[in-house]
Participant: 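Mind looking over this structure? Questions follow.
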Amino acid sequence: MHFHVLTLFPEMIDSGCDHSILKRAIAKDMIQVNAIDIREFSQDKHKKVDDYTYGGGAGMLMQAQPVFDAWKSIAGDDETKKPRTIYVTPQGQTFTQKLAKEFAKEEDLVILCGHYEGIDERVLDEIVTDRVSIGDYVLTGGELPALVMIDAISRLVPGVLGSEESAQAESFENDLLEYPQYSRPEVWHDKAVPEVLLSGDHKKIEAWRREEAKKRTEKWRPDLYKLYIERELTAKRLSKHKKDNAYMIDALLTGRAKLVFAWGEAAIAVSEGGTMVLLCCDNAAEGTELLAHLENDPEVILHNCEELNPILDEKYGFRVGDECFQSVYTQHTALPIAHKDIRPYPIDQIDYAVANYGGEDHRSYLLERMQSGEFFAAYEDGEIAGFCGVHGGGSLGMLYVDPKYRRSSIGSSLASYLVNWSLERGGVPYAHIRLSNIASLKMQEKMGLYVAKKHVFWTYK
Ligand code: ADE
């Protein structure tokens, strides 16, 4: 991950990155932070970069030319390959954990810091892809917001934090704040560590942590708690037909999707930064009602109502790309796993996955899945023997076993690993299987997954 920060105060960026985890990540070359001094690109003999505002008004504005040339020094001349360029400004969309996750997937990020009264709008129009604010207050410049973003994004880059786990169960996952934590001594100022944490009972500890997370979210962030409760209640209602609605229930329970509108057993939600819409309902009338709540401009609509397909086609231009069976694991108990050595897939071995999962066309998708920590490898004698993953939408699959190991337990272990992984996250494990893939369906049934009555339809614009 390479951050390029365009600034009038490069030392602020350098010194902000010269401590603790960021310093270590830079030393290990896991991230690079390059502060570029905009003033160096001024064509003025006094290196001036600002001027008065046309139309009057207080203060000075940063001029277009030095900003543009500084940006060009990174972006190069290829118009088709503009890097993602974030202008930090109080007028932008608010920086959130979700946005940090999205930015963490980029290889290069340009962050443009303003000063004085802002920057000439014409250069912003040409180079900026995102305007981001770190909160509703005004700072003297963009350097502190840039550092805040670099910090939040870097800790999501694989390897930057000591253990992969620490970036997972934390505040804002699933709209809940993080549970309270305790370290030694067992009693301090007459306050004892909650007994359950000393019990060694993993299940009880998880349940306790979840309850505590809910309590403090309700107390300190009622806005988030409301969203959480709405999703939980909808998921509960939809669970009357758990198998048919599994993809929606899972997305709501794990926080993968944001609920847009729901009543009874009909619901519409969006996920993946608005590009994917999930919808479930029983008939075309309900579906039409839900589609009236369609926000932004999704690329994919996933639903389970066959009657809706002609409406989606004629009114919205979405056609069925895949019709699938939905198989669902309806129990809450983890599956046994024979093959123990399964771990997050190492990104430096991506070529093996590309060669065995759809070729070059799938490279960026596979990379994104690996970076999100939802793609896994099984090892045998220190070598990758197979892999599996969770699709962006949340369904389990992407299963591959090296021909050398086809008759071993590796395939079923990988599949069971995914089921357990999903359960641990409070989800409903499910897979979507094309109607023609009977072999896969058989395997799922053997593992104890049930096939839903309704098919699911992946529709695309
Ligand atoms: N520049 C000045 N204030 C800011 C803020 N709140 N967020 C991002 N950039 C800023």
Side-chain angles (χ1 to χ4, degrees), residues 1-19 22 31 33-42 48-71 74-75 82-106 108-157 171-172 220-221 223-224 273-274:
M1 172 100 222
H2 204 143
F3 298 96
H4 311 264
V5 186
L6 307 178
T7 168
L8 291 176
F9 298 95
E11 323 77 50
M12 260 179 98
I13 302 298
D14 291 339
S15 58
C17 295
D18 197 27
H19 305 276
L22 289 185
I31 59 166
V33 181
N34 180 20
I36 296 127
D37 189 351
I38 296 172
R39 202 175 291 282
E40 302 267 307
F41 294 84
S42 167
K48 200 166 84 78
V49 290
D50 59 322
D51 211 328
Y52 293 102
T53 319
Y54 279 117
M60 307 284 269
L61 206 62
M62 279 167 71
Q63 291 167 287
Q65 173 271 317
V67 172
F68 185 69
D69 289 351
W71 179 80
I74 299 154
K82 273 192 182 174
R84 192 130 187 205
T85 301
I86 301 160
Y87 175 40
V88 279
T89 163
Q91 295 156 36
Q93 64 169 315
T94 309
F95 187 55
T96 57
Q97 190 65 20
K98 200 165 151 221
L99 210 48
K101 272 191 192 166
E102 189 188 320
F103 291 145
K105 291 176 190 160
E106 300 287 335
D108 285 274
L109 261 192
V110 181
I111 305 179
L112 170 61
C113 306
H115 252 272
Y116 315 120
E117 284 306 305
I119 302 181
D120 190 309
E121 197 64 27
R122 291 167 296 184
V123 67
L124 299 177
D125 281 348
E126 284 199 22
I127 68 174
V128 168
T129 55
D130 304 81
R131 295 178 189 227
V132 177
S133 161
I134 62 159
D136 286 343
Y137 41 80
V138 182
L139 300 167
T140 55
E143 284 71 19
L144 289 174
L147 285 168
V148 165
M149 289 178 59
I150 292 170
D151 191 289
I153 296 165
S154 296
R155 63 189 291 291
L156 300 175
V157 172
S171 295
F172 307 115
W220 294 333
R221 289 294 304 271
D223 56 325
L224 288 183

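Values below: every heavy atom of this structure, side chains too, minus hydrogens, waters and symmetry copies. Counting convention: from 1, in listed order, for ligands and their atoms alike.
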Participant: For ligand 1, run through the N/O pairs with the protein that fall under 3.5 Å and put one pair on each line.
Facilitator:
from     : atom 1 : to     : atom 2 : distance (Å)
ligand 1 : 3 (N)  : Leu139 : N      : 2.9
ligand 1 : 6 (N)  : Gly135 : O      : 3.1
ligand 1 : 6 (N)  : Tyr137 : O      : 2.8
ligand 1 : 7 (N)  : Ile134 : N      : 3.0
ligand 1 : 9 (N)  : Thr89  : N      : 3.2

Participant: For the pair Val88 and Ile111, evaluate side chain to side chain contact (heavy atoms under 4.5 Å, CB included) and give the outcome as yes or no after the intermediate values.
Facilitator: CA-CA 7 Å; Val88 279; Ile111 305 179; 4.1 Å; yes

Participant: Do Gln65 side-chain atoms and Phe41 backbone N/O form a donor-acceptor pair below 3.5 Å?
Facilitator: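 A pair under 3.5 Å: yes.
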
Participant: Under a 4.0 Å threshold between the charged nitrogen and the carboxylate oxygen, would Asp120 count as salt-bridged to Arg122?
Facilitator: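 Judged by the 4.0 Å cut-off on N to carboxylate O distance, Arg122 and Asp120 do form a salt bridge.
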
Participant: Please answer whether the main-chain N or O of Val49 pairs with a side-chain N or O of Ser42 as donor and acceptor at a distance below 3.5 Å.
Facilitator: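 Looks like no, no N/O pair under 3.5 Å.
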
Participant: So for atom CG, which belongs to Asp223, do other residues, nucleotides or ligands contribute more than 12 heavy atoms lying within a distance under 6.0 Å?
Facilitator: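 It does: Asp223 CG has more than 12 such atoms within range.
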
Participant: Can you name the one residue among Val148, Thr94, Ile86, Thr89 that meets side-chain contact (heavy atoms from CB on, under 4.5 Å) with Val132?
Facilitator: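 Going through Val148, Thr94, Ile86, Thr89 one by one, the side-chain contact (heavy atoms from CB on, under 4.5 Å) with Val132 is satisfied by Ile86 alone.
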
